[in-house]
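Just below is one structure, and these are the notes that go with it.
What you see below is based on every heavy atom in this structure, not just the backbone, and it leaves out hydrogens, waters and symmetry mates. In what follows, every chain begins at residue 1, and chains take the letters A, B, ... in the order their sequences are listed.
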2 protein chains.
Amino acid sequence: MKPKGLLTPQRKAILDVICASSDHPTAAEIMDRLRERGRQFAYGTVYNSLKYLTETGQIQELRVGDACRYDARTEHHHHIQCTVCGRVDEVFAPIPGEWAEEVARETGYLLDQDQILLKGVCASCRARTS
Amino acid sequence: MKPKGLLTPQRKAILDVICASSDHPTAAEIMDRLRERGRQFAYGTVYNSLKYLTETGQIQELRVGDACRYDARTEHHHHIQCTVCGRVDEVFAPIPGEWAEEVARETGYLLDQDQILLKGVCASCRARTS
DNA sequence: TTTATAATTAGACTTATTCTAATTAATAAT
DNA sequence: ATTATTAATTAGAATAAGTCTAATTATAAA
């Protein structure tokens, strides 16, 4: 008897919500959006589903601030968060190989190229502040 | 009457613990180490002190995983966390200016050069895994 | 000294997440 | 088809990090 690893109706509904979102929703936001669509699952189901979808590579989990956020874009990319408003955006500019090597040499780590979180101030917050 | 902004005995004790630590302790770990030294303060005091020390530039706060960690090294540098064991290390290799510009151009963000969190697998976890 | 404000305290509260025990669903072997 | 086995879901309790509040203590300026 093999493990099932099914895309159950619950998991499918959660994946759909994430695919329809471009703002990296948190688990709580995903639950809100499910409710708007007339679906409501137990906390445990949502977290279990997010774990399953992440582990099977269907979504990407990124921890930002005090919550995990989820992204349907699974291509290699990084993220940047605004230190003023908290929004999170994608960064597709690849890390320069030279710098990655320098970091690896300095730290002894094997770099994970997809999990970099940058910080900064987004365009609209800069406009508002200055 | 001006605000005081004092380095009270509590704040001093907390700063001492952080200066004596090289492993980026969390608030909970700081409280443990205070207790080992025979000091114990209210949660509120510890968090208030960490905020004060961060705002006055005496320590650096970095959010990693589900908790904030504190670092007595305030020079410009980044951090890298092991995705296996969770340890956090310093990265002093500066971001290549060219890449920073590319990210700024792509995202419209004004990059904060000191707040980059990288992920990877540390040397000892790699040795253990392979 | 009195007065105003800052800092500390204990503990309640919030938020994100994990865990648990019971139930339901689905598959595999009979 | 029926039963055994395991997976997934559920409701809700438990945990962990951090914030908030009201009362108290400490400090400094007038």
Side-chain angles (χ1 to χ4, degrees), chain A residues 1-18 21 23-35 37-56 58-71 81 83 86 88 117, chain B residues 1-18 23-35 37-56 58-71 81 86 88 117:
Chain A
M1 215 163 284
K2 293 144 211 160
K4 296 176 196 173
L6 296 171
L7 189 61
T8 62
Q10 290 87 342
R11 290 171 178 180
K12 181 69 170 49
I14 289 165
L15 179 59
D16 287 347
V17 164
I18 297 167
S21 303
D23 62 342
H24 311 89
T26 61
E29 286 163 350
I30 291 165
M31 294 183 85
D32 289 344
R33 292 172 202 186
L34 285 166
R35 210 169 301 113
R37 297 174 173 209
R39 315 291 306 270
Q40 186 164 350
F41 313 129
Y43 288 88
T45 302
V46 174
Y47 283 103
N48 172 22
S49 299
L50 291 169
K51 193 181 172 203
Y52 160 81
L53 292 168
T54 301
E55 282 172 358
T56 56
Q58 299 179 70
I59 61 173
Q60 199 184 338
E61 176 183 88
L62 50 140
R63 183 171 273 275
V64 164
D66 58 356
C68 284
R69 294 179 168 272
Y70 298 90
D71 191 344
Q81 183 179 36
T83 52
V88 176
L117 181 61
Chain B
M1 213 164 285
K2 294 144 209 159
K4 297 175 196 173
L6 296 172
L7 189 62
T8 62
Q10 290 87 341
R11 290 171 178 180
K12 180 70 170 50
I14 289 165
L15 178 58
D16 287 346
V17 165
I18 297 167
D23 63 343
H24 311 89
T26 62
E29 287 163 350
I30 292 165
M31 295 184 83
D32 289 343
R33 292 173 201 185
L34 285 166
R35 210 169 302 115
R37 296 173 174 209
R39 317 289 307 269
Q40 187 163 349
F41 313 128
Y43 287 87
T45 302
V46 174
Y47 284 103
N48 173 22
S49 299
L50 291 170
K51 194 180 172 202
Y52 160 82
L53 292 168
T54 301
E55 281 171 358
T56 55
Q58 299 179 70
I59 60 173
Q60 197 184 342
E61 176 183 88
L62 51 140
R63 182 171 272 276
V64 165
D66 58 356
C68 284
R69 294 177 168 273
Y70 298 89
D71 191 344
Q81 184 178 36
V88 175
L117 180 62

So do Gln58(A) and Leu7(A) actually touch side chain to side chain, heavy atoms under 4.5 Å? yes
**Study point:** Beyond-backbone contact of Arg39(B) with Val17(B), side-chain heavy atoms, under 4.5 angstrom
**Key:** no
Backbone N or O of Val88(B) within a donor-acceptor pair of the Gln81(B) side chain at under 3.5 Å? no
Is the closest side-chain heavy-atom distance between Asp32(A) and Arg35(A) below 4.5 Å? yes
* To do: Taking the side chain as every heavy atom from C-beta outward, state whether Ile14(B) and Phe41(B) have any atom pair closer than 4.5 Å.
  => yes
Between CE of Met31(A) and C1' of dT18(C) the distance, given in whole Å, is 14 Å
Here the distance between atom C1' of dC19(C) and atom NZ of Lys51(A), to the nearest Å, is 12 Å
5' to 3', nucleotides 9-20 of chain D under a 4.0 Å protein heavy-atom cut-off (B base, S sugar-phosphate only, - none) gives BBB-----SBBB
To the nearest angstrom, the CG-P distance between Leu7(B) and dA6(C) comes to 17 Å
In whole angstroms, the gap separating P of dT17(C) from CG of Leu50(A) amounts to 9 Å
Donor-acceptor contact present, side-chain Glu29(A) to main-chain Thr26(A), <3.5 Å: yes
